[in-house]
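Step one of this worksheet: look at the structure below.
Here is the naming used below: chain letters follow the sequence lines, and residue numbers restart at 1 for every chain.
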Number of protein chains: 2
Amino acid sequence: MPPHPLAILSEEETNIARDVVRSAHPDTIIDFREIYLSEPPKDQLREFLSLEHAGRLSPTTPRPPRLALCQYDVVGADRIPSYQESVVDVGARKTVKHQVVGKQHHAALTLSEFDVLVDACFASPLFKAALAEFDLPEGFEVTIEPWPYGGRDYTDENRRFFQGLCFATNKRHNNDDANFYSYPLPVIPVMDALTHEIIRVDRPATGGKGDGLTDQTFKRDIIGHCKDSDYVPELLANGTRKDLKPLNLVQPEGPSFRITDESLVEWQKWRFRVAFNPREGATIHDVYYDGRSVMYRLGVSEMTVPYADPRTPFHRKQAFDFGDGGGGNMANNLSIGCDCLGVIKYFDAVLTGPDGSAQKLPNAICLHEQDGGIGWKHSNWRTGRAVVTRNRELVVQFIITLANYEYIFAYKFDQAGGITVESRATGILNVVNIDPGKTSEYGNVVSGGVLAQNHQHIFCVRMDPAVDGENNSVVLEESHPVPMNEVTNPMGNFYQVTNTTVDRAGWFDAAPQLNRVVKMVNPHKINPISQKPVSYKFTPLATQTLLADPNSIQAKRAQFAQHHVWVTKFREGELYAGGRYTLQSQVEADGVADAVKRGDAVSDTDVVVWSTFGITHNPRVEDWPVMPVEIFQLMIRPSDFFTENPALDVPSDKNGSSVVVGKSSDCCRTAHI
Amino acid sequence: MPPHPLAILSEEETNIARDVVRSAHPDTIIDFREIYLSEPPKDQLREFLSLEHAGRLSPTTPRPPRLALCQYDVVGADRIPSYQESVVDVGARKTVKHQVVGKQHHAALTLSEFDVLVDACFASPLFKAALAEFDLPEGFEVTIEPWPYGGRDYTDENRRFFQGLCFATNKRHNNDDANFYSYPLPVIPVMDALTHEIIRVDRPATGGKGDGLTDQTFKRDIIGHCKDSDYVPELLANGTRKDLKPLNLVQPEGPSFRITDESLVEWQKWRFRVAFNPREGATIHDVYYDGRSVMYRLGVSEMTVPYADPRTPFHRKQAFDFGDGGGGNMANNLSIGCDCLGVIKYFDAVLTGPDGSAQKLPNAICLHEQDGGIGWKHSNWRTGRAVVTRNRELVVQFIITLANYEYIFAYKFDQAGGITVESRATGILNVVNIDPGKTSEYGNVVSGGVLAQNHQHIFCVRMDPAVDGENNSVVLEESHPVPMNEVTNPMGNFYQVTNTTVDRAGWFDAAPQLNRVVKMVNPHKINPISQKPVSYKFTPLATQTLLADPNSIQAKRAQFAQHHVWVTKFREGELYAGGRYTLQSQVEADGVADAVKRGDAVSDTDVVVWSTFGITHNPRVEDWPVMPVEIFQLMIRPSDFFTENPALDVPSDKNGSSVVVGKSSDCCRTAHI
């Protein structure tokens with residue numbers, strides 16, 4: 001059988017696309033950025049999937065062509081790279097679409113550009129001169145953390161820049177994993193990405209409360225007040241704790257899931273496909289439950305991390321962790337028994353090297369089951385009979401490392417028809433140098449001389465629902481108080497539940513005071529029990545939206561982060577909340593805010609729902625040197641989709657491996673006095 | 001050694017208290033309600049605990065007396081019970097305090113009163129006559145679900161009543177656990193608890209949309225449109241699913257916790273005591289982390305479940321599940337491998353029979369460890385080295401059954417110094433009969449003829465912090481946008497973090513738009529790194545507060561449910577957010593709303609913080625017949641309490657029991673391309 005239309009490009013397919021691009025651009029140098037599957041247009045894919053669900057596929061069934069989206073710089077005789085994108089039909093070995101991307105946009109960065117920055121810094125007289133103002137202790141070496149340039153200054157040209165956040169690494173431990181973030185240096189070299197020249201070394205302030213925005217009180221002994229703060233176990237002064245006994249997750253009969261081809265997962269009446277791309281990481285497609293469609297596509301669309309220190313040039317610290325460099329590109333190779341427990345299925349990914357060659361990323365996604373505590377329980381107090389089930393969950397997980405930070409993303413499926421999109425933020429705070437003894441209103445001192453700046457992490461999850469069919473509506477359910485009155489509320493206990501269909505594309509915010517719930521309904525499929533349209537719902541997370549002034553560059557380029565829920569009409573390729581090109585963007589172009597401006601009718605049609613949530617992260621000392629996970633959960637739940645609790649048939653068997661400390665007990669019966 | 005002052009009363013101690021009460025009331029009948037530990041006054045207990053923490057306890061150390069709080073009715077010659085409370089010094093075998101509770105209050109109910117109601121109904125001609133209006137199918141029997149009477153009507157006297165919600169049980173299955181809630185009967189008998197007389201049978205409406213508040217369209221075939229909807233596995237039409245493989249939690253070296261006496265738990269630098277009482281269930285005391293005090297007492301104080309159907313007499317459906325009957329009284333006997341997995345320590349409780357005798361409730365609380373996913377991770381993308389730790393949690397769990405509903409409460413301790421108070425709502429919806437084919441604006445039809453009414457579940461957790469000492473302050477941290485301006489915010493990215501100390505007892509609400517965080521700080525202990533006061537913090541859950549009209553009885557008796565956070569000055573015995581006596585209350589008396597009216601200064605003193613949260617539950621069909629858990633988590637976290645991530649020394653060992661489907665992999669190393 002040929003690959004499924006949603007299967008990621010194989011290494012072979014990737015290399016074919018590379019060759020097609022190369023031959024289309026003779027006599028030039030091609031610097032490849034990405035090659036990955038261009039998902040089939042929805043109408044084609046739907047046609048294929050409907051045949052697949054009907055069991056009518058054969059090796060000769062017509063399939064959407066395998067298309068490769070190729071992103072690359074063409075470097076001609078003028079040595080000036082031109083960023084271009086092609087779509088290559090891999091089967092036909094030909095280019096079916098080609099575009100020279102305008103200069104107003106910047107291609108996403110690649111890690112090889114980071115290498116260039118590091119080399120350029122160390123070769124730069126300007127940078128060397130800046131460093132010469134400091135005396136680093138014996139055994140310390142400068143480490144440069146390459147960063148996107150953030151929204152450029154108002155005064156900058158639209159050239160491509162990178163900036164380097166600088167630290168010193170204590171090499172006296174002979175350990176390359178000593179935590180260099182403990183020793184921040186107040187210099188930020190800026191490189192012109194075209195010329196590879198360090199054009200400037202910015203000197204951020206190091207002052208504290210009461211000091212001005214520009215006070216730079218450099219001293220030669222710049223890290224004299226900093227100290228080691230390591231996290232690798234061999235560098236911990238007292239080692240690791242000894243009193244943690246193993247807790248093993250054992251599945252003697254194997255997993256409950258089935259993987260019948262490389263992207264299809266079947267588990268507990270769920271059936272969906274797992275894909276991966278360098279921008280979004282793992283994505284979920286064609287989600288069915290017990291033969292009924294739930295979701296066409298589910299993915300993490302974007303996230304932004306704006307920093308709130310007003311001192312120049314810290315306003316440039318604003319990452320778009322999916323758009324700037326690609327969440328998939330930054331995905332970890334996951335480790336058994338560490339990142340995931342139990343019986344694990346790994347999915348590999350294919351990324352692209354600078355020469356366009358496929359590079360396998362092993363274990364980019366893990367799939368495993370876990371126990372989610374009690375799923376449902378009822379005790380009949382008359383008889384003492386208790387029925388209790390566990391909530392088994394299936395987890396599709398990937399983890400990305402973005403320089404200092406990591407994010408753990410998981411799509412969790414449960415037996416009650418629910419899908420939870422979970423994000424865990426961990427890793428190391430982004431920090432700057434602060435003068436000895438000072439504190440700051442721009443962040444928290446988390447280690448000697450180390451200021452962790454206040455910032456936000458704002459995520460956007462994109463849901464393309466297909467609740468019992470492709471045309472859905474979005475309905476807002478709210479619960480409103482009703483003043484006591486003789487006619488409708490004589491005792492004052494009544495509250496009114498309202499349901500309002502969203503007619504036009506737009507945004508709205510979480511409203512916990514109204515218990516606002518977003519339902520994705522199929523207006524044509526009526527639940528036979530409740531007589532209401534079938535739906536999946538979620539409660540928008542009431543988290544703080546973007547704090548930056550609406551006229552700031554930070555805000556202009558992150559419109560998506562300013563409201564909790566966006567509703568748009570599906571448009572092919574419209575996947576990115578913050579716009580396709582976020583690197584050095586000045587405004588959010590073709591993101592979700594532009595999409596809603598079309599004013600499309602969104603009722604009873606192919607609708608897309610975007611959920612924005614996050615954290616205002618004013619660091620704690622406890623977040624240093626590696627922060628304990630902060631967990632966010634977007635819970636997507638059936639609401640009158642089924643005719644009863646879909647987990648009703650989960651067995652309530654006793655788990656035989658559990659044991660008691662001290663004494664024994666009956667199982668699964670509850671007795672009241 | 002004598003029992004620890006926080007140890008629950010033993011059976012022997014309970015029976016001594018019973019005997020003391022009996023001998024204090026000669027020539028009367030005593031109907032006992034509760035006998036349980038009256039916790040030592042804080043000053044006495046603190047003195048003892050400070051000796052204990054200093055390692056200076058001996059068998060001869062003076063101890064607070066073991067006091068039993070005894071609640072009982074005294075029935076004299078006039079046959080009218082007088083509700084009284086005594087405190088008995090168990091060691092001295094004498095009454096140290098005695099109070100006749102005024103008639104304005106009602107004692108909490110006991111299950112034996114429920115039995116009285118059921119007997120009274122079946123003996124009542126009035127009730128029989130009401131039932132005779134219906135033809136139940138062959139093999140159906142009437143089942144009565146006793147309920148507290150809720151806030152009484154304006155017109156009622158303050159007599160003690162109980163109401164019965166009536167259903168029919170299908171006995172044709174010969175299974176006593178057939179789900180009688182599937183067959184609701186529209187009759188509600190009301191009993192005078194003094195005379196045991198059924199004084200009235202209320203006839204609730206059964207209409208739908210457009211029908212009036214009082215329309216009672218009875219028909220003889222009252223459950224002809226209802227159907228079986230069972231949850232016990234042997235009554236499921238298709239049985240349970242077969243494709244779920246076992247997932248075992250195995251701890252080959254035993255648990256990581258230590259239980260050194262019957263109430264003391266030590267685990268991963270945590271040290272705390274577990275107690276239990278019939279009102280609150282499990283409570284947590286004297287919480288220390290690594291030798292430092294965190295919390296004096298932590299418990300679930302109250303919850304209320306008001307129903308929103310405006311049709312008389314449904315306004316009376318408002319349970320106070322802790323105050324009305326006692327969350328501890330309703331606690332389940334927990335089951336290994338079902339309610340809890342792994343290596344489990346159970347704690348028994350002691351409850352009281354009608355004759356005052358101690359009755360052991362085995363396995364009232366379980367203690368076990370679980371894996372909470374990744375705890376923290378960082379990958380050094382330069383070296384490929386990843387360090388990843390799991391977040392092991394210690395869970396103290398108890399489960400209560402309140403007629404149809406269950407609540408699963410857990411105090412979860414983690415390795416990063418966090419405490420999470422979790423509540424899971426599950427069980428069976430409270431439902432009423434609705435005419436065939438109709439729908440309602442007062443709830444959702446979840447099964448034929450079964451209307452699940454809209455309602456709320458509102459919890460209140462009481463925290464008595466002791467952050468590095470007994471005197472603490474409450475500080476509200478907020479993050480505010482700042483308009484772009486030349487002086488403080490030239491690029492518009494700055495936001496301001498404000499910290500405001502709460503001076504006077506009062507309430508405030510969650511404010512996610514301001515990222516409002518509540519910190520419990522010790523103003524005298526300064527974190528040496530950040531130079532800020534040490535604290536524990538939580539973000540109030542932004543959930544909808546009570547919807548009932550403020551002038552309704554529902555609202556008046558549940559003031560606590562109308563704001564998210566309450567701050568009071570500690571007062572001995574002030575434990576109950578909704579007041580000590582909630583059964584049939586008309587107003588919240590001596591609850592948290594009254595406590596704040598004292599206007600106490602609450603800065604740098606013995607402060608108590610109350611967190612209210614919940615769910616507006618407009619039922620889904622999926623919530624029937626037993627609802628999947630709805631999960632709430634109050635996350636109490638250190639904030640500048642420690643000088644680094646306290647989980648930093650958690651080992652990052654690979655778990656050896658995990659296996660791969662398909663292929664093998666390296667452990668715990670991450671490589672970027």
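For Pro550(A), no part lies under 4.5 angstrom from a heavy atom of chain B. For a residue to count as touching a neighbouring chain, one of its non-hydrogen atoms must lie under 4.5 Å from one of that chain's; by this rule Asp309(B) touches chain A with the backbone only. Only the backbone of Gln370(B) comes within contact range of chain A, judged by heavy atoms closer than 4.5 Å. For Pro651(B), the parts lying under 4.5 angstrom from a heavy atom of chain A are both the backbone and the side chain. The part of Arg392(B) that comes within reach of chain A is its side chain, from C-beta onward, which places non-hydrogen atoms under 4.5 angstrom from that chain. In this structure, chain A has no heavy atom under 4.5 Å from any part of Val517(B).
Separating the CH2 atom in Trp381(A) from the CE atom in Met330(B) is a distance of 9.0 Å, to the nearest 0.5 Å. Here CH2 of Trp624(B) is found 11.0 Å from CG of Leu648(A). Values are rounded to the nearest 0.5 Å. We find the CZ-CG distance between Phe494(B) and Asp549(A) to be 12.5 Å, quoted to the nearest 0.5 Å.
Between Arg241(A) and Val650(B) there is a side-chain heavy-atom pair separated by less than 4.5 Å. Residues Val388(A) and Ser335(B) fail the side-chain proximity criterion, which asks for heavy atoms closer than 4.5 Å. Side-chain contact check for Lys245(A) versus Glu369(B): every heavy-atom pair is 4.5 Å or farther apart.
Checking side-chain atoms of Gln544(B) against main-chain N and O of Gln513(A) turns up a donor-acceptor pair under 3.5 Å. Without hydrogens or angle criteria, Glu406(B) side chain to Ser379(A) main chain gives a donor-acceptor distance under 3.5 Å. Using a distance-only test at 3.5 Å, with no hydrogens or angles considered, no donor-acceptor pair links the side chain of Arg382(A) to the main chain of Asp176(B). Side-chain atoms of Asn493(B) come within 3.5 Å of backbone atoms of Tyr307(A) as a donor-acceptor pair (strictly under, hydrogens ignored).
Interface check for chain B: of the options Gly656(A), Pro310(A), Pro625(A), Ser229(A), the most heavy-atom pairs under 4.5 Å are formed by Pro310(A). When each of Asn238(B), Ile408(B), Ile428(B) is checked for heavy-atom pairs under 4.5 Å with chain A, Ile428(B) comes out on top. Per-residue heavy-atom pair counts under 4.5 Å with chain A were compared for Asp243(B), Leu236(B), Thr143(B), Ile399(B), and the maximum is reached by Asp243(B). Of the residues considered (Thr240(B), Leu247(B), Thr616(B)), Leu247(B) shows the highest number of contacts with chain A, using heavy-atom pairs under 4.5 Å. The greatest number of non-hydrogen atom pairs below 4.5 Å with chain B, out of Pro306(A), Pro255(A), Gly239(A), is found for Pro255(A). The choice from Thr543(B), Leu249(B), Thr439(B) that makes the most heavy-atom pairs within less than 4.5 Å of chain A is Leu249(B). The candidate from Val446(B), Thr312(B), Leu514(B), Ile259(B) with the greatest count of non-hydrogen atom pairs under 4.5 Å with chain A is Leu514(B). Per-residue counts of heavy-atom pairs under 4.5 Å with chain A were compared for Gln268(B), Glu644(B), Glu441(B), Arg424(B); the largest is that of Gln268(B).
The minimum heavy-atom distance between Ser658(A) and Ile344(B), with the atom names listed, is CB-CD1, 4.2 Å. Minimum heavy-atom separation, Arg620(B) to Pro638(A): NH1-O, 2.6 Å. Taking all atoms of both residues into account, the shortest heavy-atom contact from Ser447(A) to Ile529(B) is N-CG2, 3.3 Å. The two residues Lys377(B) and Asp339(A) come nearest to each other via the heavy atoms NZ-OD1, 2.9 Å. The shortest heavy-atom contact between Asn248(A) and Ser657(B) is CB-OG, 3.2 Å. The shortest non-hydrogen separation linking Phe642(A) to Glu622(B) is N-OE2, 2.8 Å.
With no hydrogens or angles considered, a side-chain donor-acceptor pair links Ser479(A) and Asn618(B) at under 3.5 Å. Counted by atom type alone, Asn380(A) and Tyr231(B) present zero donor-acceptor pairs between their side chains at under 3.5 Å. Of the N and O atoms on the side chains of Asn444(B) and Asp640(A), at least one donor lies less than 3.5 Å from an acceptor on the other residue.
For Ala548(B), the side chain to side chain contact (heavy atoms under 4.5 Å, CB included) criterion is met by Leu546(B), Ser552(B), Gln554(B), Ala555(B), not counting sequence neighbours. In this structure, the ring pair (Phe, Tyr, Trp, His ring centres under 6.0 Å) partners of Phe641(B), at least two apart in sequence or on a different chain, are Tyr536(B).
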